[in-house]
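One structure below.
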Amino acid sequence: MELGLIGLGKMGGNMRERIRRAGHTVIGYDRNPDVADVHSLDELVSKLNKGPRVVWVMVPAGVPTQITIDELAELLSPGDIVVDGGNSRWTDDEKHAEQLNAKGIGFVDCGVSGGIWGLENGYALMYGGAAEHVARVQPIFDALKPEGQGGAVHAGKVGAGHFAKMVHNGIEYAMMQAYAEGWELLEKVDSVTDVREVVRSWQEGTVIRSWLLDLAVRALDEDEHLSKLRGYAEDSGEGRWTVEAAIDHAVPLPAITASLFARFASRQEDSPQMKMVAALRNQFGGHAVESSEK
């Protein structure tokens with residue numbers, strides 16, 4: 001099968017290689033000419049055999065994805081299919097599907113998980129769209145997914161794939177926060193003398209073992225007390241969208257919400273909120289405060 005792939009960054013580049021290893025032809029475009037097979041979207045579309053063509057988009061969510069969809073809507077033909085494999089918001093999927101459908105072009109949204117390890121291990125895939133569009137892309141899904149029966153799901157109609165991936169990432173936020181809090185507490189007490197080996201011991205036979213835990217051990221092997229890192233963590237959007245969806249549907253998500261707010265706190269070297277908390281504790285209880293000069 002032939003595939004046009006737009007966006008050859010850390011994930012897109014590895015996806016191109018995995019698909020090629022499965023015997024498919026991939027024509028890739030990226031703004032970086034050093035990694036691109038072609039040098040424009042027009043050239044990419046013209047290189048693909050005539051209909052029905054499949055083009056997979058792996059660019060940042062929001063404006064970059066919208067610009068790409070706009071261009072493809074003018075370049076592709078009725079019967080062709082666009083797959084958005086980036087981290088787009090599910091509500092954008094509905095708009096993109098409507099925009100492309102007006103041109104007779106199919107649309108599938110696909111949440112992709114696997115990061116830099118996906119080339120060797122495969123990518124977990126959650127996709128949404130009409131059954132006939134999914135069927136057309138199925139050989140590519142099969143090439144990307146992990147070996148075995150699991151690792152991929154047709155989650156539902158358009159938007160379902162990215163919604164499922166959003167919830168996946170929200171859960172990921174909470175799991176990482178729990179590991180981080182436990183690690184910090186272990187580091188604080190004098191009685192635990194080898195925190196790294198305690199965390200390593202959890203990898204076998206415990207109910208909290210996971211790939212994230214394996215990655216935590218890997219990080220501690222590289223930097224035992226994480227002293228080389230600054231305590232700052234960005235959020236890529238899915239955590240916020242998960243909390244917003246929970247509000248819209250009146251679903252309580254206390255752990256995921258707290259983990260998102262913890263990331264916000266990481267961006268404050270001197271928390272304004274804690275200044276007020278310290279001031280109030282001093283006012284009502286005479287508790288000591290620290291000077292900002294210290």
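Note that the coordinates shown come from a computational prediction; the quantities given were computed from them, not determined experimentally. One-based numbering along the sequence shown.
- Taking the side chain as every heavy atom from C-beta outward, R240 and F264 approach each other to under 4.5 Å.
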Inset, instruction - For side chain to side chain donor-acceptor pair (under 3.5 Å), just list the numbers for Q99 and D70, CA-CA rounded to whole Å, side-chain angles, deciding distance to a tenth of an Å, and then say yes or no. - result: CA-CA 8 Å; Q99 176 183 355; D70 290 344; 2.7 Å; yes
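- Put simply, L185 and V217 are part of two different groups of oily side chains (I, L, V, M, F, W, Y) that touch within less than 4.5 Å, one to the next.
- Listed for the S259 side chain is a donor-acceptor partner under 3.5 Å among the backbone atoms of I256.
- Here the straight-line distance linking atom CZ of R53 with atom CG of L44 works out to 9.5 Å at 0.5 Å rounding.
- To the nearest 0.5 angstrom, E132 atom CD is 8.0 Å from I81 atom CD1.
- Remark: the backbone N or O of P52 is not paired with any side-chain donor or acceptor of D80 at under 3.5 angstrom.
- A salt bridge does not link E222 with K228: none of the charged nitrogens is closer than 4.0 Å to a carboxylate oxygen.
- Within the 4.5 Å cutoff, the side chain of I69 has heavy atoms near those of the T65 side chain.
- Between S88 and D84, the side chains place a donor N or O and an acceptor N or O closer than 3.5 Å (distance only, hydrogens not considered).
- A salt bridge is defined here as a Lys NZ or Arg NE, NH1 or NH2 lying under 4.0 Å from an Asp or Glu carboxylate O, and D235 with R267 meets this definition.
- Atom CZ in R89 sits 9.5 Å away from atom NZ in K95 (nearest 0.5 Å).
- Residues L3 and T25 are not in side-chain contact: their nearest non-hydrogen atoms beyond the backbone lie 4.5 Å or more apart.
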Inset, instruction - List the steps, then state whether salt bridge (Lys or Arg N to Asp or Glu O under 4.0 Å) holds for R20 with E17. - result: CA-CA 5 Å; R20 284 176 173 172; E17 178 60 24; 5.3 Å; no
Inset, instruction - Using the salt bridge (Lys or Arg N to Asp or Glu O under 4.0 Å) rule, take D214 and R209 through it: C-alpha gap first, then chi angles, then the decisive distance, then the call. - result: CA-CA 8 Å; D214 294 342; R209 62 189 185 276; over 6 Å; no
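- Side-chain contact check for D109 versus W90: every heavy-atom pair is 4.5 Å or farther apart.
- R18 places a side-chain heavy atom less than 4.5 Å from the side chain of Y123.
- For the atom pair H24 NE2 and R16 CZ, the distance stands at 16.0 Å (nearest 0.5 Å).
- With 3.5 Å as the limit, one finds a donor-acceptor pair spanning the side chains of H96 and Q66.
- One hydrophobic cluster holds both W241 and M175 under the rule that ILVMFWY side chains link at heavy-atom gaps under 4.5 Å.
- In this structure, a donor-acceptor pair under 3.5 Å is present between the side chains of Y179 and S210.
- The main-chain N or O of M11 is never found under 3.5 Å from a side-chain atom of N14 such that the two would form a donor-acceptor pair.
- In this structure, CD on E181 lies 12.5 Å from CE on M176, to the nearest 0.5 angstrom.
- Residues L76 and V55 have side chains in contact (heavy-atom distance under 4.5 Å, counting atoms from C-beta outward).
- Separation of atoms CD (E2) and CD1 (I27) is listed at 5.0 Å; rounding is to 0.5 Å.
- In this structure, the side chains of L8 and N32 stay at 4.5 Å or more apart for every pair of heavy atoms.
- Classified by interplanar angle (parallel below 30°, tilted 30° to 60°, perpendicular above 60°), the ring pair W56/F141 is perpendicular.
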